[in-house]
Amino acid sequence: MSYAYLFKYIIIGDTGVGKSCLLLQFTDKRFQPVHDLTIGVEFGARLVSIDTKPIKLQIWDTAGQEAFRSITRSYYRGAAGALLVYDITRRDTFNHLTTWLEDARQHSNSNMVIMLIGNKSDLETKREVKKEEGEAFAREHGLVFMETSAKTSDNVEEAFINTAKEIYEKIQEGVFDINNEANGIKIGPQHSTGNSSIPGGNNRSSGNGCC
Amino acid sequence: MSDSEVEFESADEGSKSGDGWEIETDFDLPDLEQSIESKPTEIKSSALSSVSDLANIDQYIEHKHKNTKSSNQTNTFDAIPTLQSRLDKLTIDSDDTNSKSHTLKEDITADNALKETNCQSSVWGGWSSGWSMNSLISTASAITNHVSQGLTSVIGAPSPEELASMSSNKVTLLNDKLTEESSESILDTNYFLSNVSQITKIVENTGSKLINGGLDTLESVGKKTLEVLQEGDPGLRKKRALFFQNSEKINLSQVLQEAKEKSEIESKQNNQIVENKDYAYLLDSFQGLIHLESLELLSKQCQMKLQTVLLSYSGTQLTDIQDTLEQIKGLCYLVCDDDEKLMNDEEFKKCLITTINKISVDVKIDKILKVSSSIDNKSNGEFDTEDCIHDEAISALAELTAAAMELYYKLGEMIMIDTQNHQVFVKAENLSHLNEAVCCRIRSVANKYACLLTQFDADDTSNNISDIYLESSNSSSYIQDAAQLLLPILQLSVI
């Protein structure tokens with residue numbers, strides 16, 4: 001129930017590449033062929049174990065539509081990891097990766113771990129983007145790359161867990177300042193029990209004193 | 001032995017030049033020629049079969065050796081018994097040879113023992129560095145004698161030195177066979193000898209690995225034992241104390257009694273912590289906190305934008321805008337006249353539908369309505385104990401609050417991306433109505449459960465009731481917070 005760390009992820013990419021399905025497969029282990037368009041941002045969470053430590057992954061699943069881009073941007077800064085997803089059967093989703101990456105790099109903290117994901121690997125016959133192209137893009141931009149299938153759950157676990165491993169390693173190396181929650185990393189509740197049930201009203205009151 | 005010594009020295013020189021095996025082969029050859037003359041013909045045939053065996057072993061070992069290189073130690077260990085049994089067989093074979101050509105045998109074994117010793121001194125460098133060459137020779141020859149008597153029957157726990165030399169001695173015998181045969185054989189002598197040296201080397205390597213592995217295992221077992229003993233007891237102080245206390249005759253039941261009391265106190269404390277955590281934990285598990293956090297992120301972003309926009313205005317324009325923003329703020333904080341107002345599920349539903357439709361039609365309210373009505377159903381059900389009611393109440397409050405957080409967050413998102421913001425004032429007003437409705441619903445849920453509890457008259461009853469009211473006000477605080485966070489988003493939309 002309790003966790004050693006909490007990592008926040010953000011899933012980004014064009015609309016319809018399967019971001020919500022990836023999340024659903026990871027959190028609920030099921031596949032929904034017809035999925036409603038994501039409005040704003042949805043959430044998912046799951047407990048995984050890295051290096052025998054329980055780690056809670058809290059995942060922001062963003063809407064791919066352009067209209068929500070400004071909302072999506074609000075979440076980059078608070079994330080420790082990002083899954084940048086494209087659809088291997090749609091070349092245009094691959095072509096937009098550069099824009100997504102620029103956006104992510106611009107609005108996130110510099111240590112954010114980004115994993116490039118070519119989704120829908122089960123649709124081999126409709127493939128438009130070669131695996132090598134994904135690999136090359138990842139290499140060029142220093143990302144980790146994987147092809148997944150939210151439908152068959154192929155590599156889905158690995159994608160989320162490998163990202164967590166990388167973040168964990170960065171923590172061990174001292175790259176992340178874990179006391180700064182803006183990094184998207186929280187230390188588990190056993191370290192700070194006392195006032196957890198008191199709403200943080202006091203420190204938020206600045207929110208209304210705008211003018 | 002004087003001959004052997006000379007040979008040994010030469011061989012040693014050879015190894016110094018880094019080419020030991022080649023040179024040794026040269027030395028062996030004259031000896032072999034001598035031996036063949038006195039060798040009985042019977043032996044040749046038996047030796048021939050042995051050689052074919054040897055060739056097999058050779059292949060086998062080479063194969064295994066490759067495995068060893070790829071650090072597959074288990075394979076190597078598997079190989080040892082097989083190898084050993086074959087060696088044993090050969091040893092027995094050679095016993096015949098032994099009896100029939102005893103003198104010859106001695107010559108060759110001594111010679112080969114030297115070779116082995118030489119080989120040993122390189123492989124077992126760490127161990128044998130302190131030994132003199134003479135002692136090496138004598139050890140080797142002594143062991144050779146043993147072999148003639150049938151060393152294979154040695155059982156027990158040999159020392160590493162013995163074990164190592166045992167394996168090498170077996171190979172010595174192999175060597176004998178081989179050297180006897182090789183001069184007669186059509187095959188190249190050099191080829192065989194180099195292979196034999198390979199065998200000896202490998203056997204020694206595996207021997208040393210076996211021993212080193214054994215020692216390592218023993219060492220790690222010892223370390224682990226100490227670790228376990230010292231766990232939570234550095235320097236073994238407690239355990240030592242325990243042993244010495246025996247003299248003072250503290251009996252076991254007393255110790256157990258104390259331990260039980262201690263654990264009871266601890267578990268009581270733990271329970272309290274769990275209870276304290278409960279509401280926050282539940283709120284988190286119903287995804288209330290994450291939605292609040294996300295709303296906070298959006299709010300902060302809007303706040304920043306708002307400040308930037310305000311900086312670009314000046315004079316009357318600025319005061320106009322500031323007035324508008326102030327107006328929105330005022331509408332968001334309509335003072336609730338009736339602090340005691342309650343709302344049942346039906347009223348709540350009606351109120352929500354009307355207010356939400358005026359704020360944003362895209363936001364779905366199914367979830368919070370579902371939560372509200374399920375709370376209604378549950379609170380009308382039967383409860384076994386007082387604690388059940390209390391737990392159910394806390395859970396209901398947390399779930400309703402979490403659903404409200406999600407609703408507020410979604411509202412924030414929709415307001416943010418809504419491009420037609422002409423009805424901001426209406427939205428602000430309805431937001432404050434929504435706020436009131438949720439708070440009323442929270443209050444009535446708390447009331448309902450508190451009423452259920454008043455039927456009981458236990459010691460904990462009043463504690464439980466005040467706990468529920470505490471968490472209910474907690475819920476209201478969260479909702480007020482969320483509403484405040486919506487304000488900058490709303491304000492930004494008017495500019």
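In what follows, every heavy atom counts, from backbone to side chain, and hydrogens, waters and symmetry copies are set aside. Keep in mind that what you see is a predicted model, and the values were worked out from it rather than measured.
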Out of curiosity, [X] [atom1] to [Y] [atom2], how far, rounded to the nearest 0.5 Å?
X: A/Ile39; Y: B/Lys364; atom1: CD1; atom2: NZ; value: 5.5 Å
X: A/Lys8; Y: B/Glu293; atom1: NZ; atom2: CD; value: 3.5 Å
X: B/Met414; Y: A/Phe68; atom1: CE; atom2: CZ; value: 5.0 Å
X: B/Ile417; Y: A/Gln65; atom1: CD1; atom2: CD; value: 8.0 Å
X: B/Ser294; Y: A/Glu42; atom1: OG; atom2: CD; value: 10.5 Å

A side-chain contact here means heavy atoms from C-beta on lying under 4.5 Å apart; do A/Gln58 and B/Gln287 qualify?
no
Please work out which of the three classes, parallel, tilted or perpendicular, describes the rings of B/Tyr409 and A/Tyr75, given edges at 30° and 60°.
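A/Tyr75 and B/Tyr409: perpendicular rings.
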Is A/Lys56 salt-bridged to B/Asp284, cutoff N-O under 4.0 Å?
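Yes, charged N to carboxylate O under 4.0 Å.
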Of all heavy-atom pairs between B/Met416 and A/Ser74, which one has the smallest distance, and what is that distance?
CE-OG, 4.3 Å
Can you see which heavy atom on B/Glu413 is nearest to which on A/Val41, and at what distance?
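It is OE2-N, 2.7 Å.
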Could you check which of B/Ile290, B/Val363, B/Leu297 has the highest count of heavy-atom pairs closer than 4.5 Å to chain A?
B/Ile290
Region of B/Gln480 in contact with chain A, defined by heavy-atom distances below 4.5 Å:
neither
Check whether B/Lys410 gets within reach of chain A through its side chain, its backbone, both or neither, counting any heavy atom under 4.5 Å.
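The side chain, not the backbone.
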